Amino acid sequence: MEEFSESYRAHAASVRAYLRRLVPVQDLDDVLQIVFTEAWRSRQRFDPHRSMRAWLLGIAHKRGVDHLRARAAPTVSLDVVGDPPGHDGRVDDQALADRDQLHRALAELPAPQRQAIELAYYGDLSQREIAERLHVPLGTVKARTARGLHRLSALLAAA
């Protein structure tokens with residue numbers, strides 16, 4: 001049990017920092033507890049010749065993803081939301097048409113390019129954060145974003 005306490009003291013901060021990128025802050029402590037509980041229960045599978053931190057972060061990643069998948073997406077009735085008003089208070093049909101055209105053009109991009117662009121613009125993530133989240137090199141994210149934006153520009157110009 002002493003080894004577990006020592007492991008928690010040594011690695012809880014880095015596991016928490018890793019989970020902060022995956023799960024909402026209000027669920028962070030719950031998922032952290034699940035990670036260390038699972039580590040304790042499966043301690044016989046840990047290879048002492050390997051990194052304890054890496055093993056714990058692997059568990060954290062799996063439990064963080066499980067937590068996100070289990071969450072129900074919040075929904076709001078369309079009747080409550082209504083149409084967004086334009087600059088003069090009325091619905092701006094052109095803005096809606098532009099948004100629809102953009103979504104259609106995004107749908108035509110290859111999945112890796114679309115994912116990089118959506119994480120950057122809708123997820124408000126830096127390219128370094130995108131690379132960490134997707135577990136790909138930073139240069140790959142930069143290339144996907146540049147190619148995707150170039151292709152998106154061509155698709156929108158053609159439309």
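None of these values were measured; they are calculated from a predicted model.
For the pair A105 and L156, the tightest heavy-atom approach, listed with the atom from each and the gap, is CB-CD2, 3.8 Å. The heavy-atom pair separating L32 from A12 by the smallest distance is CD1-O, 4.1 Å. Of all heavy-atom pairs spanning G64 and L22, the tightest one is CA-CD1, 4.4 Å. Residues R20 and L28 approach most closely at N-CD1, 3.6 Å, considering heavy atoms. Between A60 and V35, the shortest heavy-atom contact is CA-CG2, 3.5 Å. Shortest non-hydrogen contact noted between Q127 and V141 is O-CG1, 3.8 Å.
Residues V65 and V31 do not share a hydrophobic cluster, clusters being chains of Ile/Leu/Val/Met/Phe/Trp/Tyr side chains in contact below 4.5 Å. Hydrophobic clustering keeps I130 apart from I117 (ILVMFWY residues linked when any side-chain heavy atoms are closer than 4.5 Å, directly or through intermediates). Placement of L119 and L68 in two distinct hydrophobic clusters is found when ILVMFWY residues are connected by side-chain heavy-atom separations under 4.5 Å, directly or transitively. At a threshold of 4.5 Å between side-chain heavy atoms, the hydrophobic network of Ile, Leu, Val, Met, Phe, Trp and Tyr places L138 and L125 in two separate groups.
A heavy-atom distance below 4.5 Å is not found between the side chains of R147 and P110. The shortest distance between side-chain heavy atoms of K142 and R128 does not fall below 4.5 Å. Residues R144 and V136 form a side-chain contact, since some pair of their non-hydrogen atoms from C-beta on lies under 4.5 Å apart. Looking at L152 and E108, their side chains never come closer than 4.5 Å, going by heavy atoms from C-beta outward. Looking only at side-chain heavy atoms (C-beta outward), L155 and L109 come within less than 4.5 Å of each other.
Formation of a donor-acceptor pair under 3.5 Å by the E129 side chain with backbone atoms of S126 is found in this model. Proximity of a side-chain donor or acceptor of S153 to a complementary backbone N or O of L149 within less than 3.5 Å is not detected. Panel note: side chain R43, backbone W40; a donor-acceptor pair is recorded below 3.5 Å. Proximity of a side-chain donor or acceptor of T37 to a complementary backbone N or O of Q33 within less than 3.5 Å is detected.
Note that CD of Q113 and CD of E118 are 12.0 Å apart. Values are rounded to the nearest 0.5 Å. Summarising the geometry, atom CG belonging to D29 is positioned 11.0 Å from atom CD1 belonging to I34; distances are rounded to the nearest 0.5 Å. From Y18, atom OH reaches atom CD1 of I59 across 12.0 Å, with rounding to the nearest 0.5 Å. We find the CG-CD distance between D66 and E38 to be 8.5 Å, quoted to the nearest 0.5 Å.
Looking at R21 and E132, a side-chain N of the basic residue comes within less than 4.0 Å of a carboxylate O on the acidic one, giving a salt bridge. For the pair D100 and R104, the salt-bridge criterion is met [side-chain N within less than 4.0 Å of a carboxylate O].
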Query raised in the report: Passes side chain to side chain contact (heavy atoms under 4.5 Å, CB included), L57 versus H61? Steps please.
Result: CA-CA 6 Å; L57 290 178; H61 179 77; over 6 Å; no

Report task. Apply the test side chain to side chain contact (heavy atoms under 4.5 Å, CB included) to residues L56 and S14: give CA-CA distance (whole Å), side-chain angles for both, the deciding distance (0.1 Å), then the verdict. Result -> CA-CA 9 Å; L56 289 169; S14 63; over 6 Å; no

**Report entry** Chi angles and distances behind the side chain to side chain contact (heavy atoms under 4.5 Å, CB included) call for W55, R50
**Finding:** CA-CA 8 Å; W55 184 64; R50 303 228 171 188; over 6 Å; no

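Applying the 6.0 Å contact sphere to OH of Y121 captures no more than 12 heavy atoms from other residues, nucleotides or ligands. At most 12 heavy atoms of other shown residues, nucleotides or ligands fall within 6.0 angstrom of atom CG in D124.
Classified by interplanar angle (parallel below 30°, tilted 30° to 60°, perpendicular above 60°), the ring pair H103/Y122 is parallel.
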